[in-house]
Amino acid sequence: MKISIFTKVTIGVVVVIVTLCVSMAISLDARTKQTESRKLVLHTYQVLNLLERVHSMMKDAETGHRGFLLTGQNEYLEPHKRATSKIDDLIEELKVQLSDNPAQQHRLGILTVKTDEVLDSQQASIEVRRQRGLQAAAGASHFELDKERMEEIHSTIEEMIKTEETLLNERSDKLNAATATAFTYSTLFSVASIICVGVAGLALLGFLRAQQKSERELQVQYSVAKILNESNDLQDAARRIEQLLGEAGAWCIGATWMVETNEHRENVLVCLDLWRLATFADSEFTRDSNQRVFKKGEGLPGRVWESGKATFISDVTQDANFPSSKAAEQIGLKTAFAFPITFGGDVLAVTEFFATDERPVDQALLDMMTAIGNQLGQFIVRKTVEVETEKQRQFLQLILDTVSDGIMVADTEGKFILTNVAAKELTGQTKRFTRDDWTDETGVYLNEAGDKYPLEQLPLLRAIRGEEVDDAEMLIRNDSIPTGKWLSVSARPLREIEDEVTGAVIFFRNVSEKKEAEKRVSEFYSTVSHELRTPLTSIRGSLGLIEGGLAGPLPDKTLKLIKIARAESDRLIRLINDILDLRKIEAGMLELKKRTCDTQKLVERAIEGIQGMANERGVTVSEEINTGGPTECDEDRIIQVLTNLLSNAIKFSEKGDRVIMALNPGEQNTFKFSITDTGPGIAPEQMHKLFGKFQQLDQSDSRKKDGTGLGLAITKAIVDEHGGAIGVDSEWGKGSTFWFELPATFSPVRNVAVSNLPAAHVHPALIVEDDKNVSEVLRTHLEADGFEVIHASSLKEASDFLDIYTPLVILLDLGLPDGNGLDLMERLQSDEKRKNIPVVIISGTEKDGKTTHVHPALIDWMVKPFNEKRLHAALDNARRRIGIAQVLVVEDDPSTREILKQQVESLGVKCIEATSGEDALKSFDESNPDLVILDLMIPPPDGFEVVEKLRSRLDSSVPLVVYSALDLTEAEKAKLTLGITAHLTKSTATPDQLSNVIREFLNGLMLRKESDESLKS
Amino acid sequence: MRSRATDIKKVLLVDDDANIRFITEMSLQGLTDWEITLAGTAQEALSAVTQVKPDLALLDVMMPGMDGVTLLRKMREQVDEANMPLVIFMTAKVQTQEIEAYKNLGAVGVITKPFDPMKLAEQIEGILNTA
């Protein structure tokens, strides 16, 4: 069959048409898919952008909120307000965008709830802050909870971003595949079509080019995101993005201009980075970019800065506002294009590109670059904040490193977050270390012997507990500092939020040299004192023996010479003692052993000691005591002061004269001791010299020869150390009064009739009774029962006695001249130390039932005239209140043990004695004591071990009194604890204190025992 | 308890300084009827304690070799409690807080040097009678 051309043509045309149709259909399908993919990629970018905005908005709101709470300034509220008003819109938008992804929707749900919670909580504390101030707001705010919420928001957003990024990758891959397929098909059919229909082919080619271009654009956006994620610094990011965009868009030069403030405080654009193809390296245009700046509106970058919009110039050589158009022309630049890098509507920088070919305005490119500009803006802000923070940190570090003291800052866990160079040098630590390393690796010790510094006592940890520590000394010794270094450490808590310790700072300096010097000085004086005294012992000894006639009789003249030598060697000894004393005081090494002393006793002891000298010189010393009571002082030192003043007074008195030693209440709650003589007195112009060193007022006065000239200087120093005042009142020719004042423990009272106060260790009975006859009768009865009696005739007097002494029993009348005896009982009851003193009321009135006071130690209430038998029964009762108790006294020193025994037995308590640890444990098992009094340095096992052994037993709740010569640390005290426990130091605890503790401990026990008994019966 | 001065018969005097030993001995011999044994070192003192069994020991504190405090400790270790003498330290290194420390070691008292030889016996008796 012959086929006609028409048919052939028809068939050809049909084939072409069919081919074309098929080709179009396939292309259209590919295109549809591609468009879909593209939409999805754009969608992902939108979601990412929205999430970033939500995140930064919440962060800003949080920072602002904190700022407002602290300062109360409204400007800090802006971010919070912005977040409150905008967040719902953003979430709504996200909801729409994520409507096809259930997993993301779920996360969005969490995000919505958390952001609402945080904003509500912030709103609430803002209200509190406005109405009730900072402290209330800090109390009302839930910082911890909000912090957790913020962390949840952060992690949710991170998760969402990650999911979106994964999706984006998948979609990009799909897009690439789709584009590739489309390209293959399209090309295949297009080639056929072009052969058939050139016009159709050409149209198709144009379409394909557009397709390739949009694919590249998406790839570019994705790459930008990648670069921003990878870059750590702004310049690096700018360079890589310029290169990326430049190469992708076939540009030959790209530059980024940052808005910065110049030296005239104007904002200008300066070049951050310039990228160019190698061929444009050596041109005026690229070379000068570093020197160029643009003001707002000036040149292409300036215009973009001003308008905030991406701008396209097709031919720069023809542009009126292009300052370097000449330079551009030289290298043939034509097209230019710039886009702003923005954040929150502000232009932060401008990026521009140039090409040598002339291009038409490309709106799609402008849109894409605007989106990239936003992305870059967020990056720049983030980096700027990071850089600023790092700069501040470095600045702070720099300042800290210039300080020669060691400084360390730690968080509440004790982990150091900031240390300076000096700290590392002083501690020998170069790595970061935590609090537990202090005692182990850093090697912090209490002393040269290597006792470890108790961890919990470290200044750092004390500061974390809220304490302030000043100048705690410790020894650091470790591999880096093998010889050891003494540090003086201070610490302060840090409170970033009011009322809450958020960390601590310690600062310390090297005090090794000072320590070493102190040690050397101390050793020097110790040696000098020994070296001087040893030969003097022989000299003084020999002279004394000769003078005393032990070496045989002497002619008078020889004896006189010997006496002179002996007297002068005595003076030399005194001088040495005084110099050493004064030296010690001046070096601040006078250690006062303060304890409670009775002022009257001090006076009596001083007079007693000086009596010999007074007799020798025929001078009478008389006392005028107008007050009395306790003062805290070093007894020996105050006696030294009194003796010194008395001996001076005697020295300057004539035979037959009288020296008066008086004790009076002084100014402002003090005791005033004064010594008055009728000697020559002191001329006013000499007065100021009195208390100086080596002051001899009148060189011709032979009596002065006896002294060292240092006595008054030492006297003054001792009084000063006690916090007292010293002075002299004198009139030339009429004698002098030297006086000093010591702070009183209680306010001193004038004219308390004090007679024969008993020794401190005796526990007397106190009779409070205004009727002399009754009190005398009572006294007879009490003395018959073996009590020592003190009598007070008024409440006031009774109170004064009770301030100083603790009686074993009080016999109390109620109707007293200055009040009711029951008031005294009430006072006793509120006094922890004395509330257990047994009281017997002997009154003219019956117990009326109206009395509501319940004194735990009220033994009986008798009406006058009292029944003698009942009185004795009451007194027995008073002693027996604690009578059934047994006290185990563990003490190896026989005399101390004897004293303790007497003291315990004076309370009517049975005493069991033990002389060693072994003995003690045995006695403990046999007699099951109610109280243990324990010395620590006893034959083995020692006191520490005894307590340890008792603690491991079931009955470890027995009351314990540790009575030792050792000064115990808190840690040791904690170890030395059984039931209720008291730690008394032998040298500082008074016998009264000990008795009180025993009484207190046993009374509590007896009360318990009694109630147990009554429950049983 | 053996603490009264009248109970004292034998006294051990330990001092590294021969002059001071001589003077102290002379003083005590002149004023008491005590039997005095002298020791110039801690070692001599230790053997004297076991041999002579003194009632009272006067110990110098600063001595070369073994000091008085260590000597007291050694005496405690080596001598039966029944034969242990009462101990008084005699020291030129006088500081008030040290006196306290010596007493805590178990000494009944401390006499500071230089002392008055005519009053030494009186001083010792005073310490013994109040201890």
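Please read all numbers here as calculations on a predicted model, not as lab measurements.
Within 6.0 Å of NZ on A:Lys973 lie more than 12 heavy atoms contributed by other residues, nucleotides or ligands. For CG of A:Asn447, the number of neighbouring non-hydrogen atoms (other residues, nucleotides, ligands) closer than 6.0 Å is greater than 12. In this structure, A:Glu918 places its CD atom where only 12 or fewer heavy-atom neighbours from other residues, nucleotides or ligands lie under 6.0 Å away. Other residues, nucleotides and ligands contribute only 12 or fewer heavy atoms inside 6.0 Å of the NZ atom of B:Lys74. Annotation for A:Phe944: atom CZ counts as buried by contact number, over 12 foreign heavy atoms lying within 6.0 Å. Annotation for B:Lys53: atom NZ does not count as buried by contact number, only 12 or fewer foreign heavy atoms lying within 6.0 Å. Within a 6.0 Å radius of CE in A:Met937, no more than 12 heavy atoms belonging to other residues, nucleotides or ligands are found.
Atom CG of B:Asp15 is separated from atom OG1 of A:Thr537 by 8.5 Å, given to the nearest 0.5 angstrom.
Contact tally against chain B (heavy-atom pairs below 4.5 Å) for A:Ile573, A:Thr527, A:Asp570: the top residue is A:Ile573. Between chain B and the residues A:Leu545, A:Ile539, A:Leu536, the largest count of heavy-atom pairs under 4.5 Å involves A:Leu545. Comparing A:Ser538, A:Gly544, A:Gly548 by heavy-atom pairs within less than 4.5 Å of chain B, the highest count is held by A:Ser538.
Of all heavy-atom pairs between B:Pro117 and A:Arg540, the closest is CD-NH1, 3.7 Å. Here the closest non-hydrogen pair linking B:Ile23 and A:Ser542 is CD1-OG, 3.3 Å. Heavy atoms only, all atoms of each residue included: A:Arg533 and B:Lys113 are closest at CD-O, 3.3 Å. Taking all atoms of both residues into account, the shortest heavy-atom contact from A:Thr534 to B:Asp17 is CG2-OD2, 3.3 Å.
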B:Met118 and A:Leu550: CA distance, side-chain angles, deciding distance, side-chain contact (heavy atoms from CB on, under 4.5 Å) verdict: CA-CA 9 Å; B:Met118 298 312 289; A:Leu550 288 191; 4.2 Å; yes
